[in-house]
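What follows is a single structure, written as structure tokens, with notes after it.
Keep in mind that the numbers below use all heavy atoms, side chains included, and drop hydrogens, waters and symmetry copies. This one's a predicted model, so the numbers in the text were calculated from it and none came from an experiment.
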Amino acid sequence: MKWIVLEENPMPDNYIAIMAAEEDRILQIEKKRCSIFDSCDKAMNRARELRQKYKVPSIRLFQQDGISALV
């Protein structure tokens, strides 16, 4: 699995987005400004940093089956 954290300003969504995907799958979102991590923990640490930087209340994890949840 790979974990993609969007680095762009999240407004107006009001959350930092993390996408989980199969390692060999290339997502359109990877063309945007993002960071790619090999573990959920590393992605969560970066998302927490961005949450503070952009002063948004939440982090949302999007899974490849289409389910998302606030974490």
Side-chain angles (χ1 to χ4, degrees):
M1 291 292 284
K2 64 181 172 182
W3 307 86
I4 304 164
V5 178
L6 290 181
E7 296 279 340
E8 298 175 338
N9 188 332
M11 297 313 235
D13 292 330
N14 222 19
Y15 59 80
I16 302 299
I18 301 175
M19 282 107 205
E22 297 291 329
E23 234 176 282
D24 59 344
R25 188 171 179 195
I26 298 173
L27 303 178
Q28 290 290 324
I29 203 73
E30 291 181 63
K31 294 179 182 177
K32 293 188 175 188
R33 195 167 149 223
C34 65
S35 297
I36 301 173
F37 299 92
D38 60 0
S39 76
C40 184
D41 288 338
K42 291 176 186 175
M44 285 297 295
N45 287 337
R46 180 62 182 149
R48 286 184 192 108
E49 291 171 2
L50 292 171
R51 185 177 62 184
Q52 286 183 328
K53 175 181 177 178
Y54 291 117
K55 297 181 180 14
V56 293
S58 310
I59 297 170
R60 182 173 290 268
L61 175 61
F62 294 87
Q63 299 181 14
Q64 56 190 11
D65 58 5
I67 296 173
S68 71
L70 292 174
V71 290

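With hydrogens and angles disregarded, no donor-acceptor distance shorter than 3.5 Å links the side chain of Tyr54 to the backbone of Tyr15.
Residues passing the side chain to side chain donor-acceptor pair (under 3.5 Å) test with Lys53, sequence neighbours excluded: none.
In this structure, CG on Leu70 lies 12.0 Å from CD1 on Ile16, to the nearest 0.5 angstrom. Atom CD1 of residue Ile18 and atom SG of residue Cys34 lie 12.0 Å apart, to the nearest 0.5 angstrom. Summarising the geometry, atom CZ belonging to Arg48 is positioned 6.0 Å from atom CD1 belonging to Ile59; distances are rounded to the nearest 0.5 Å.
Ser39 and Trp3 get closest at one heavy-atom pair: C-CD1, 3.2 Å. Nearest heavy-atom pair, Ser58 versus Arg51, reported as atom, atom and distance to 0.1 Å: N-CD, 4.0 Å. Pairing each heavy atom of Glu22 with each of Gln64, the nearest pair is OE2-NE2, 2.8 Å.
Both Leu50 and Met11 are assigned to one and the same hydrophobic cluster, defined by single-linkage of ILVMFWY side chains at heavy-atom distances under 4.5 Å. Clustering ILVMFWY residues whenever any of their side-chain heavy atoms sit less than 4.5 angstrom apart, transitively, puts Leu61 in the very cluster that holds Phe37.
With Val5 as the partner, the side-chain contact (heavy atoms from CB on, under 4.5 Å) test is satisfied by one option alone out of Lys42, Met44, Arg46, Met19: Arg46.
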